[in-house]
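Structure record follows, encoded as structure tokens.
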Amino acid sequence: MYTSLLERHRRGRKLIEITENLCKGCEICIEFCPLKVFEKSDKLNRKGYYLPVVTDEDLCVGCRLCELLCPEFAIIITNE
Amino acid sequence: MSEPRHRLMDFVREEIMPHRFCSGCGCGTVLNAFTNAVEGLGLDSAEMVCVSGIGCSSWIPSPYFRADTLHTTHGRPIAFATGVKILRPDLTVVVIAGDGDVAGIGGNHLIHAARRNIDLSVFMVNNMIYGMTGGQVAPTTPAGVVTTTTPHSNVEPPFRVADLVVAAGASYVARWTTYHVFPLLESMQNAIKRKGFSFIEIMSQCPENYGRRIGLRTGIDFLKQFKEQALRVEKANGMSEEELKDRIVIGKLCDKERPEYVSELHRITREQVDKLKKEMGGAA
């Protein structure tokens with residue numbers, strides 16, 4: 001079940017999608033991403049929460065920790 | 001532009017998302033881990049019954065998880081689940097409820113279900129407080145915490161529920177936190193697969209009604225504290241009570257084989273029916 005980070009990285013480009021209107025701005029993804037891929041933005045969603053943005057998609061190794069930690073199902077990681 | 005769709009939206013009731021949990025609440029993470037576990041096991045949700053009680057965490061299966069659910073009275077999810085399991089042993093019965101339900105008002109149901117070793121998976125979301133009703137002291141609240149009903153700090157030591165269930169005789173017992181999501185997910189799969197009573201205590205965060213009283217205002221603060229407090233059970237063995245104070249022992253606490261209640265019950269019933277039929281046949 002657990003493949004090495006390096007192997008995951010070799011699998012190719014990751015796609016990070018954030019479902020804006022599901023996010024509640026808890027910032028858990030920003031804090032706990034091991035590679036600090038996310039950053040707080042000035043952009044508000046429909047409910048008035050500040051959304052995270054992806055700073056550099058190439059940093060992502062696709063460990064899916066953010067996807068699993070997110071309480072809102074708002075982050076989708078796709079390994080292409 | 002249409003919004004992207006999460007693959008796990010097939011497992012939750014998408015029409016009522018986003019859910020009503022507070023920002024940073026651990027219940028969402030537990031729902032996420034649970035749906036991942038169900039997806040990973042390839043379970044058909046039509047073959048599942050989820051039972052919950054009253055409280056924030058009881059909203060995880062009902063209404064958010066897309067399966068047949070029983071949203072029962074306060075403290076009685078295990079009692080209802082026992083009934084479901086006895087009548088329909090072919091279904092996978094999962095109880096997701098809070099510490100108030102499972103350890104507080106329904107504590108007796110818990111220990112007796114563990115003693116019988118009935119084939120249920122009980123996931124107890126322990127946020128250490130009665131969060132939904134405004135932060136009253138729970139049996140799992142640590143000593144020294146100021147709550148609504150203990151305004152001059154709580155004097156009672158907390159229940160260590162997972163240890164209690166081990167002692168009562170459950171088949172599979174584990175304790176994880178919402179920070180340790182990958183092992184939690186794997187543990188949930190093992191618990192569902194396990195024949196017999198399986199119990200996972202999930203230490204979770206309540207930033208609104210518990211966190212603000214102990215100075216942990218956000219979900220992030222809680223997760224950081226869980227990370228610091230967590231101690232693997234292999235390392236905790238042999239440590240003194242004093243050293244284990246303020247630590248959360250995580251890991252698999254017990255995994256053993258014992259006769260399961262429902263199959264034993266049905267075996268005895270069948271034997272009695274066969275015996276009676278034989279006697280009746282002999283008389284006629």
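Below, chains carry the letters A, B, ... as their sequence lines are ordered, and counting in each starts from 1.
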Does atom [atom1] of [X] have more than 12 heavy-atom neighbours, drawn from other residues, nucleotides or ligands, at distances under 6.0 Å?
X	atom1	result
B:Lys235	NZ	no
A:Lys43	NZ	no
B:Glu234	CD	yes
A:Asp42	CG	no

For this session: Flag the pair A:Glu67 and B:Arg7 as a salt bridge only when some basic side-chain nitrogen lies within less than 4.0 angstrom of an acidic carboxylate oxygen.
Result: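 Answer for the salt bridge query: yes.
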Distance, nearest 0.5 Å, that separates [atom1] of [X] from [atom2] of [Y]:
X	Y	atom1	atom2	result
B:Thr35	A:Phe73	OG1	CZ	3.5 Å
A:Arg64	B:Phe182	CZ	CZ	8.0 Å
A:Thr19	B:Met17	OG1	CE	10.5 Å
A:Leu68	B:Leu184	CG	CG	8.0 Å

Of all the heavy-atom pairs spanning [X] and [Y], show the shortest one and how long it is.
X	Y	result
A:Pro71	B:Cys25	CB-O, 3.7 Å
B:Asn32	A:Cys70	ND2-O, 2.7 Å
B:Cys22	A:Lys24	C-CD, 4.5 Å
B:Ile220	A:Phe32	O-CZ, 3.9 Å
A:Leu69	B:Tyr179	CD2-O, 4.3 Å

Considering only heavy atoms, which portion of [X] lies under 4.5 Å from any heavy atom of chain A: side chain, backbone, both, or neither?
X	answer
B:Gln205	side chain
B:Val12	side chain
B:Asn36	side chain

Problem set entry | Top of B:Thr178, B:Thr218, B:Leu31 for chain A proximity - count of heavy-atom pairs under 4.5 angstrom | B:Leu31
Problem set entry | Contact leader toward chain A among B:Gly24, B:Pro207, B:Ser23, where contacts are heavy-atom pairs under 4.5 Å |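 Looking at each of B:Gly24, B:Pro207, B:Ser23 in turn, B:Ser23 comes out on top.
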Exercise. Pick from B:His6, B:His19, B:Met9: which one makes a side chain to side chain contact (heavy atoms under 4.5 Å, CB included) with A:Leu22?
Worked result: B:Met9
Exercise. Side chain, backbone, both or neither: which part of A:Ile30 has a heavy atom under 4.5 Å from chain B?
Worked result: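 Neither part; nothing is under 4.5 Å.
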Exercise. So what's closer than 4.5 Å to chain B heavy atoms on A:Glu72: side chain, backbone, both or neither?
Worked result: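 Both backbone and side chain.
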